[in-house]
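Chain A is the first sequence line, chain B the second, and so forth, proteins listed ahead of strands; every chain is numbered from 1.
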Amino acid sequence: MTSTNPIYSKSEVYKVLEQVRDPEIPVLSISDMGIIRDVLIDEKKINVEIMPTYSGCPAMDTIAADIENTLHVNGYADVHVETVLTPAWSSDFISDEGRLKLREFGIAPPQKNAKRGSLFHKEAVTCPQCGSGHTELVSQFGSTACKALYKCEDCLEPFDYFKCV
Amino acid sequence: MSVSVAEMTEQDQLFEYTVRLGDNCVILGQRLAEWCGKSPVLEEELALMNVGLDLLGQARMLLDYAGKVEGAGRDEDKLAFFRDAQAWRNLLLVEQPNGDFAKTMSRQLFFDCFQFLQYQKLSNSADTKLAEIATKSLKEITYHVRHSSDWVIRLGDGTEESHQRMQKAVDELWGYTPEMFDMDAVDEAMLKSGVGVDLKEIEPAWKKMVEGVLSEATLNFPELTWQVRGSKEGKHTEHLGYLLAEMQFLPRAYPDANW
Ligand SMILES: [Zn+2]
């Protein structure tokens with residue numbers, strides 16, 4: 001598993017991977033999303049391990065293809081992308097920078113270390129437009145699996161909330 | 001599978017067990033997809049498609065694993081598209097037609113609560129792959145339970161008509177629920193080896209969960225006046241055949257079709 005005599009450096013591969021965007025939320029790179037579990041380098045072979053956000057997320061196939069293409073374009077020929085389920089991806093893996101980018105994009109970022117396991121609890125979600133905490137859940141499910149639909153009672157704007165999982 | 005459980009190897013049992021889990025997800029996911037383009041409101045269309053997509057994702061992981069356990073060269077697509085009704089192992093509940101929105105939500109509530117409790121236990125399975133899949137899926141199922149519970153409460157505790165239709169939907173599906181907790185020889189064997197879940201053990205928790213939602217919805221907890229079972233032996237209601245005909249048509253007519 002460890003890289004013996006790597007010709008490539010792991011940090012350089014990570015740097016290239018920052019160019020790969022989440023196709024459904026293009027302001028975020030897959031590094032911001034925290035879906036890269038590890039990069040394993042064995043001589044010239046590169047194995048990128050990714051954690052799927054949702055089981056049925058249609059973006060995962062695109063992301064895997066984009067990782068391969070981006071690394072190829074940057075001179076890495078032998079690339080494999082592997083999907084791993086452990087640890088199960090959590091919205092806590094989204095970086096602080098990613099949270100900032102989400103808010104700027106108009107998506108309320110997921111709360112960190114949110115209470116889980118409890119089935120029914122109300123989350124306090126802040127409006128990404130005006131900062132009001134006076135918001136209401138419209139639907140548990142938004143335009144993609146990872147988002148819920150909210151509306152702000154103060155500025156009256158509807159907005160997406162990136163769900164806690 | 002026509003071999004008796006006594007003749008089944010451990011590998012056969014694990015395959016059978018995993019296929020049962022996967023088949024529930026395929027069939028309910030397919031049923032939810034039938035709402036595409038005809039849901040009551042846009043938000044609900046998105047919600048139903050998202051839940052269906054989660055189920056399909058879970059199904060892919062489970063059937064992919066089942067195929068590997070079997071080792072006969074069948075992948076997730078082969079298992080989904082090239083098995084006839086009697087080879088399917090999904091619960092009778094999930095193959096029931098959508099009916100009106102109340103019926104869809106009633107079916108969903110019963111299954112979501114069941115899957116939630118089942119996967120909670122399964123996430124501690126001695127089989128690492130099943131434990132991983134359950135852990136991952138549980139995050140999604142939590143949202144499914146909230147969604148179906150919300151709707152059952154909203155419709156039950158809604159207008160006179162929505163209340164009456166919600167009660168009817170709950171009553172009509174009730175007889176399909178006892179089957180969920182049946183333990184056959186495969187279940188017993190899987191439980192013994194630490195892989196499977198004791199379904200009898202989760203039954204009281206399920207009843208409590210559903211009862212809580214129904215009472216908040218001002219609905220009556222139904223009385224069990226009839227019940228059917230048989231999916232573990234491949235005996236299904238007449239509805240499954242039609243569902244499969246639609247779902248399997250394309251890959252069977254054009255076996256080499258590709259996206
Ligand atoms: Zn606002």
Q: Without swapping roles, check the side chain of Lys163(A) against the backbone of Gln140(A) for a donor-acceptor pair under 3.5 Å.
A: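 Confirmed, Lys163(A) side chain pairs with Gln140(A) backbone.
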
Is it the backbone or the side chain of [X] that comes under 4.5 Å from a heavy atom of chain B, or both, or neither?
X         : answer
Val138(A) : side chain
Ser139(A) : side chain
Thr144(A) : backbone

Q: Give, as side chain, backbone, both or neither, the part of Ser149(B) having an atom under 4.5 angstrom from any heavy atom of chain A.
A: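 Only the side chain of Ser149(B) comes within 4.5 Å of chain A.
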
Q. Relative to chain A, which segment of Leu56(B) carries a heavy atom at a distance below 4.5 Å: side chain, backbone, both, or neither?
A.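 Contact with chain A is absent: no heavy atom of Leu56(B) under 4.5 Å.
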
Q: On the 0 to 90° scale, with breaks at 30° and 60°, tag the Trp89(A)-Phe93(A) ring pair as parallel, tilted or perpendicular.
A: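 Correct class here is perpendicular.
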
Q | Within-4.5 Å side-chain heavy-atom neighbours: Arg21(A) and Thr70(A) | A |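 Side chain of Arg21(A) against side chain of Thr70(A), heavy atoms only: no contact under 4.5 Å found.
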
Q: Compute both the distance and the angle, then confirm whether Arg20(B) meets the cation-pi test with Tyr17(B): under 6.0 Å from the six-membered ring centre, within 45 degrees of the axis.
A: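 Verdict for Tyr17(B): no cation-pi partner in Arg20(B).
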
Q. Should we count CD of Glu246(B) as having more than 12 external heavy atoms under 6.0 Å?
A.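 At most 12 heavy atoms, drawn from other residues, nucleotides or ligands, come within 6.0 Å of this atom.
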
Q. Under a 4.5 Å heavy-atom cutoff, which of Ala88(A), Ser143(A), Ala148(A) has the most pairs with chain B?
A.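 It is Ala88(A).
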
